Asker: 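After the structure tokens below, expect a handful of questions from me.
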Amino acid sequence: MSNESKPFQALLAQRFSRREVLQAGFALAPLVLGGCSPTSTTGPSKAARGLGFQPIRGSTADAIILPPGYTYDVVARWGDALFDGVPDLDAARLADGVLLEPGAAELQSKQFGQNCDAIHFFALDPRGDRGILCVNNEFTDDALMYPGHAGFAGASRGAARAYVETHPQIVAVSQAAQGVSIIEVVREHGVWKRVKRSRYARRITATTPIEIGGPARGAALMRTTADPSGTRVLGTFGNCAGGRTPWGTYLTAEENIQDYFGNYALLQEQRGADDPIVAAHSRYGMWKTHSLYGWEAADTRFDLIHNPTEPFRFGWIVEIDPMDPNRPPVKRTALGRFAHECASTFVAPDGRVAVYMGDDAKFEYVYKFVTARKFDPKNPAANRDLLDAGTLYVARFDANGSGEWLPLVYDEKGPLNEAAGFRDQAEVLIKARAAAAILGATPMDRPEDVDVNPVTGRIYIACTNNDSRAAESVVKHYRGREVDLGPNPANPRALNRYGHIIEIREAGDDHTSTSFSWEVFLLAGDPRGGRLIASLTDATSESAYYAGYTNADEVSPIGSPDNLGFDRDGNLWIVTDGEQPDESNNGCWVCPTVGPERGRLQRFMSGPVGAEICGCEFTPDGETLFLSIQHPGSGGSVTEPISHWPDGPGTQPRASVIAVRREGGGRVGG
Ligand code: FEO
Ligand code: CA
Ligand code: CA
Ligand code: CA
């Protein structure tokens, strides 16, 4: 009997014995970290430092709710002008069609983008009172921009495309509202503000020229009529979570690229399903006739008939230098192409850099990239192209609690060779999902953020949910390949409604290792009514498991974990995007990962109606937590808004970055 066909409880029972070993490791072997981690000499005893706030209850209010003694500043709203002489978005005129007027796209390209996601803070002074925020603008919620737009409802039947056919000018506006916004912020008398005339201010949009770096630069599949050399691409979009390199650059992750390209059915009709380009697009979920946004109706770059290879130029990690607005961003193709959620870096003891990444789609994988060369903290120029050479790995989770990082390396002898569909390393990277499947990677429940605890070095993977996870082993055709949809040791729950979090420890606490041990850290769900279990051996599909913490009165229910973050003491912060067990709005939670309060999850924040919460970025002093409030009012429209956050009654909802802090100062959460 294969692991995949064992029943849920048996799978978890196998894992339980391993959990005890791993926890003993926490007690007995404090990690001494190398590299540049600012907290590299801090052991788990410090990580056990308590959390001191009064947790909040879940809420459905159209508001930001925080514990007593906390407040927040709105730092940047969608449409705030970033440059001199540019007006803010006149949100009061959205229902009148202000974004349909001439010049709207030009303005939006100089304003803060919509639907903020990842946030990373780059301090400009030793105290971190001034800094640069790099913020992703993941997608546009068109119903919250244009009157009469139905949003995502009906897009698959061509509704969004029909709107573009009658209002083609919105394509340029939406393209300008996505990408990355770079702003400067300052803390004055404890209050955070955006610096209005900053030399760092920058917008990178779906049309900004971007260099292609790494093994896929110039590859045949990267070439288009507009760029026959395959070296320069216009723009980035679908920018979800991200990361920061040890050398001070920002990494933005291109996620849902399948939503942008139309006319797949026609392409398949013309070329046949077995055509390598058609098959590759199918594996990346690009089989729609009408894209989610309908851009193909007004911009042939997004029409697969006109530009069949354009999608290969998206789905990458893009590196941006926040200190130099004139330096072009670079797509780092060595890190593979998939629905990139994040890129979390960690310096290994020997100085090489590991980058952890999730592919957020059902039954996709978790990846790690390890640089070939070492990070040189004394020579910034030497690090500039460090991400262009190294090895990309994908994770296989074994039932005995061990795991392997499997290298995605072209080899003419196989398995990743021409017979398998890869003519060279560039094609292995461009079609990383197909390569990973051949190597036997473990299909996961939508891996979102993968982040490294700066204190312990352990890695946490947020598997947000997967309602397509079957109850038993069953191999089916799913998104361009055959895959077992049943439970596996690392994804044990059928119809995984609320998601889970996995904890990894690299072999020898070396982040360049090719093997690791792992554990289920948290099975999200309702801890009330006897569902909170102390050990995974007792689990059913309805159970909640909070790292073994058993006092249900002291933990807050959570569902759909998405982004993760850590404070300077190594506590795990979690923000959510999706269904909550108590039917409350999305929010922010925190728990220790070591010590007697490991898994004691407490709710810290509740967000406004319709929003998911993203970000989870702290200032170096731990006194500010930056969060993105993404798509408040989602489900409403400009004529019938269902949220009025952040500006209050009578106003339109606007996605915004907030700075959460204690009134009078002090460590957030402490
Ligand atoms: Fe954009 Fe996977 O969240
Ligand atoms: Ca996300
Ligand atoms: Ca993170
Ligand atoms: Ca999500």
Side-chain angles (χ1 to χ4, degrees), residues 37 115-121 133-139 141 152 178 237-245 250-259 317 338-346 354-362 364 366 368 444-455 458-467 496-504 524 558-568 570-580 585-590 593 607 610-619 625-631 634 655:
S37 169
N115 283 341
C116 39
D117 198 297
I119 309 171
H120 283 273
F121 179 82
L133 288 184
C134 291
V135 183
N136 283 352
N137 301 112
E138 184 178 12
F139 68 99
D141 207 327
F152 302 129
Q178 299 200 21
F237 45 76
N239 308 80
C240 193
R244 178 209 339 262
T245 65
Y250 177 59
L251 301 175
T252 180
E254 298 179 339
E255 190 192 22
N256 288 314
I257 60 164
Q258 74 282 350
D259 293 337
I317 295 293
F338 40 90
H340 274 289
E341 174 73 24
C342 64
S344 301
T345 63
F346 201 84
V355 188
Y356 294 90
M357 302 173 283
D359 181 354
D360 179 13
K362 292 175 182 176
E364 294 299 344
V366 173
K368 172 173 84 167
M444 310 293 287
D445 288 344
R446 292 187 54 202
E448 296 249 31
D449 208 355
V450 183
D451 214 341
V452 192
N453 187 323
V455 175
R458 272 66 162 189
I459 300 112
Y460 295 80
I461 304 165
C463 294
T464 196
N465 53 50
N466 183 357
D467 59 5
N496 190 5
R497 183 173 171 190
Y498 294 122
H500 61 286
I501 296 175
I502 289 171
E503 179 182 61
I504 284 181
I558 192 171
S560 310
D562 191 323
N563 291 155
L564 307 174
F566 296 92
D567 59 30
R568 55 191 294 176
N571 296 305
L572 172 63
W573 292 72
I574 307 167
V575 289
T576 63
D577 170 22
E579 189 181 11
Q580 298 306 313
N585 293 351
N586 283 304
C588 179
W589 286 252
V590 58
T593 63
E612 72 171 276
I613 313 303
C614 313
C616 257
E617 173 77 345
F618 286 89
T619 47
L625 169 63
F626 291 107
L627 295 173
S628 277
I629 311 302
Q630 192 186 88
H631 57 75
S634 176

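Just so it is clear, the model here is predicted, and its values are computed rather than measured. Order of listing sets the numbers, starting from 1, for every ligand and every atom in it.
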Asker: Decide, counting backbone as well as side-chain atoms, whether Glu138 has an N, O or S atom less than 3.0 Å from the Ca ion (ligand 2).
Answerer: no
Asker: Measure from the Ca ion (ligand 3) to each N, O or S atom of Gly565 and report whether any distance is below 3.0 Å.
Answerer: no
Asker: For the Ca ion (ligand 4), find the closest N/O/S atom on Asp562 and give its atom name.
Answerer: OD2
Asker: Would you find a donor on one side and an acceptor on the other, under 3.5 Å apart, between the side chain of Asn563 and the backbone of Asp449?
Answerer: no
Asker: Evaluate the side chain to side chain donor-acceptor pair (under 3.5 Å) criterion for residues Asn115 and Glu138: first the C-alpha distance (whole Å), next the side-chain angles of each, then the deciding distance (0.1 Å), finally the verdict.
Answerer: CA-CA 6 Å; Asn115 283 341; Glu138 184 178 12; over 6 Å; no
Asker: So, 3.0 Å as the limit: is an N/O/S atom of Asp449 located closer than that to the Ca ion (ligand 3)?
Answerer: yes
Asker: Check all N, O or S atoms of Asp451 and name the one closest to the Ca ion (ligand 3).
Answerer: OD2
Asker: Val590 pairs by side chain to side chain contact (heavy atoms under 4.5 Å, CB included) with which of Leu625, Ile574, Asn571?
Answerer: Asn571
Asker: When Arg446 is tested against each of Asn465, Asp562, Asn496, Asp467 for side chain to side chain donor-acceptor pair (under 3.5 Å), which residue passes?
Answerer: Asn465
Asker: Tell me, which N, O or S atom in Glu448 is closest to the Ca ion (ligand 4)?
Answerer: OE2
Asker: Is it true that the side chains of Asn239 and Asn136 contain a donor and an acceptor less than 3.5 Å apart?
Answerer: no
Asker: Quick one: report the N, O or S atom of Glu341 that is nearest to the Ca ion (ligand 2).
Answerer: OE2
Asker: Only N/O/S atoms count here: what is the atom of Asp577 closest to the Ca ion (ligand 4) called?
Answerer: OD2
Asker: Is Asn586 reaching over with its side chain to a backbone N or O of Ala611, donor-acceptor style, under 3.5 angstrom?
Answerer: yes
Asker: Does the shortest distance from the Ca ion (ligand 4) to an N/O/S atom of Asp360 fall below 3.0 Å?
Answerer: no
Asker: Within the structure provided, determine whether Phe139 and Asn256 are in side-chain contact (heavy-atom separation under 4.5 Å).
Answerer: no
